[in-house]
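Contents: one structure, followed by commentary.
Here is how names work: the chains are called A, B, and so on, in the same order as the sequence lines, proteins then strands, and each is numbered from 1.
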Amino acid sequence: MPELPEVESLRRDLLQLLPDLVLVGVEIRYPPIVARPSPEEFCRRVEGRRVLDVGRRGKLLLLRLDSGETAALHRRMTGNLLLTQPTEPVDHHVHAVFRLADGRQLRYRDPRKFGRLALLTPGEMVALDAELGPEPLDPTFDAVAMAEVLRSAPGRGLKALLLDQRRLAGLGNIYVDEALWRAGLHPLRLAGSLAPDEVAALQRAIRSVLEEGIAHRGTSLRDHLDPDGRPGSYQDYLQVVGRVGQPCRRCGAPLARAVVASRGTVYCPACQR
DNA sequence: TAAATCCTGTCA
DNA sequence: TGACAGGATTTA
């Protein structure tokens, strides 16, 4: 599922289309995909707008329009934004089509229909930003900032806390499991119980798994594709996800599976404490 | 805090 | 054929 590295990879790919990315037309084929405003209003306010910049906040892709508004896309589980020629057939999983000035199209394809589009005024963008936790790849996100996140909910388990976008933005099920393994921390370990060196290790682990994920253009266990329809390759480097029962690459013990924070969770019961 | 909800492809 | 997966939101 698209987490921070998958959205960041998409952001960087779309930046290559600037400065001539003009959304000359918008077609919404599955109206519930537009969270706000109404689908008609969304089209009216996006059509004809030039994209000045492509940003990201957590797992949200942000298209900053020349109107001052921002079109936000959350890909949720199975959403992809594909750059295609208009002659390519539109399959029934395509829920929104953005026609570009050069004739090509950006198509939002999402078999699960969980993803959402929204158009945000500057004020709404500020409000959304305030609801999300810090960016783990921001240069200012260091061990001190990690400690603050943990201190904000000392009684919660680490995995539940790290998945909470209001506490820390951008992590999902895959990268949380990978980061906790790398830090040697158990997913149920209470956030308030970490020693200073463990806090620092967790911050470094989160940063490194996200950076490696981006370097490999994301994890494509199943669905993630870039705008040209190509998968990422970080699935080939995962240490725990998808390896239940196989030996831990640190200590050799068989990796275990449990449901933590309502998510399938893989960890090493021997060396994650 | 936990459960239900939204969805449909995939797998047993 | 039915259980399962899961991010975010809503409801109990």
Side-chain angles (χ1 to χ4, degrees), chain A residues 1-10 28-37 39 56-62 72-82 90-96 107-118 120 124-125 127-133 135-136 152-180 187-192 206 210 213 218-225 229 231 234-235 238 240-245 255-267:
Chain A
M1 60 240 58
E3 305 178 27
L4 189 155
E6 289 72 38
V7 181
E8 179 63 20
S9 294
L10 172 61
I28 302 298
R29 303 169 63 90
Y30 178 72
I33 215 77
V34 180
R36 63 176 160 161
R56 180 190 57 74
R57 183 76 170 92
K59 303 173 191 173
L60 277 174
L61 181 80
L62 304 171
L73 171 67
H74 198 308
R75 302 162 63 192
R76 290 286 181 89
M77 311 293 298
T78 56
N80 282 309
L81 205 50
L82 302 167
V90 180
D91 76 67
H92 76 291
H93 293 309
V94 172
H95 308 311
R107 297 178 180 175
Y108 182 64
R109 185 177 188 277
D110 185 354
R112 292 287 256 298
K113 299 179 176 175
F114 272 14
R116 290 294 179 265
L117 281 163
L120 307 168
E124 288 171 330
M125 191 59 234
L128 177 68
D129 185 63
E131 288 171 11
L132 293 169
E135 285 289 329
S152 72
R156 293 184 77 184
L158 283 178
K159 176 153 184 174
L161 178 59
L162 296 177
L163 285 172
D164 187 342
Q165 303 300 298
R166 296 167 301 182
R167 306 289 180 179
L168 187 64
L171 293 182
N173 203 38
I174 294 172
Y175 291 95
V176 165
D177 279 8
E178 292 295 315
L180 288 173
L188 287 173
R189 180 78 176 274
L190 293 187
I206 290 169
L210 294 176
T219 301
S220 298
L221 282 179
R222 186 157 304 155
D223 302 297
H224 165 67
L225 298 173
Y234 196 56
Q235 64 279 5
L238 298 173
V240 286
V241 172
R243 298 193 63 243
V244 185
L255 296 177
R257 184 188 186 279
V259 175
V260 177
S262 308
R263 302 294 193 298
T265 301
V266 186
Y267 66 103

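Here the side chain of A:D177 pairs a donor or acceptor atom with the backbone of A:V266 at under 3.5 angstrom. One N or O on the side chain of A:E6 and one on the backbone of A:E3 form a donor-acceptor pair closer than 3.5 Å.
Regarding contacts with the backbone of B:dT8, every side-chain N or O of A:H93 stays at 4.0 angstrom or more from both OP1 and OP2. Between A:K113 and the phosphate of B:dC6, there is no side-chain N or O to OP1/OP2 separation shorter than 4.0 Å.
A:F114 contributes atom CZ, which lies 16.0 Å from atom CZ of A:R75 (distance to the nearest 0.5 angstrom). A:K113 contributes atom NZ, which lies 15.0 Å from atom CZ of A:R76 (distance to the nearest 0.5 angstrom).
At a cut-off of 3.5 angstrom, the base of C:dG6 holds at least one donor-acceptor pair with the side chain of A:R112.
For the pair A:L117 CG and C:dA8 C1', the interatomic distance rounds to 16 Å; values are reported in whole Å. Regarding A:D110, its CG atom lies at a distance of 9 Å from the C1' atom of B:dC7, rounded to whole Å. Computed from coordinates, the A:R109 CZ to B:dG9 C1' distance equals 11 Å when rounded to whole Å. Remark: C1' of B:dC6 and NE2 of A:H74 are 14 Å apart, rounded to the nearest angstrom. Atom CZ in A:R75 sits roughly 15 Å away from atom C1' in C:dG6 (whole-Å rounding). To the nearest angstrom, P of B:dT10 lies 8 Å from CG of A:D223. Atom CE of A:M77 and atom P of C:dA5 are 11 Å apart (whole Å). Spacing between atom CD1 of A:I33 and atom P of B:dC6 amounts to 15 Å, rounded to whole angstrom units.
Among the atoms of the strands shown, only primed sugar atoms or phosphate atoms (P, OP1, OP2) are found under 4.0 Å from some heavy atom of A:M1. Within the 4.0 angstrom heavy-atom criterion, only backbone atoms of the sugar-phosphate kind lie near A:R257; the bases stay farther away.
Considering every non-hydrogen atom in both A:L171 and A:L162, the closest pair reads CB-O, 3.7 Å. Contact detail for A:L117 and A:A96: the closest heavy-atom pair is CD1-CB, 3.9 Å.
When distances are taken from the side chain of A:Y30 to each of C:dA8, B:dT10, B:dC7, the shortest belongs to B:dC7.
Between A:R156 and A:D164 there is a salt bridge, since a side-chain N of the basic residue sits under 4.0 Å from a carboxylate O of the acidic one.
Comparing A:H92 and A:S262 against DNA chain B, the residue whose closest nucleotide sits nearer the 5' end is A:S262.
Residues from residues 159-178 of chain A placing a heavy atom under 4.0 Å of any atom in DNA chain C, listed by number, are A:Q165, A:N173.
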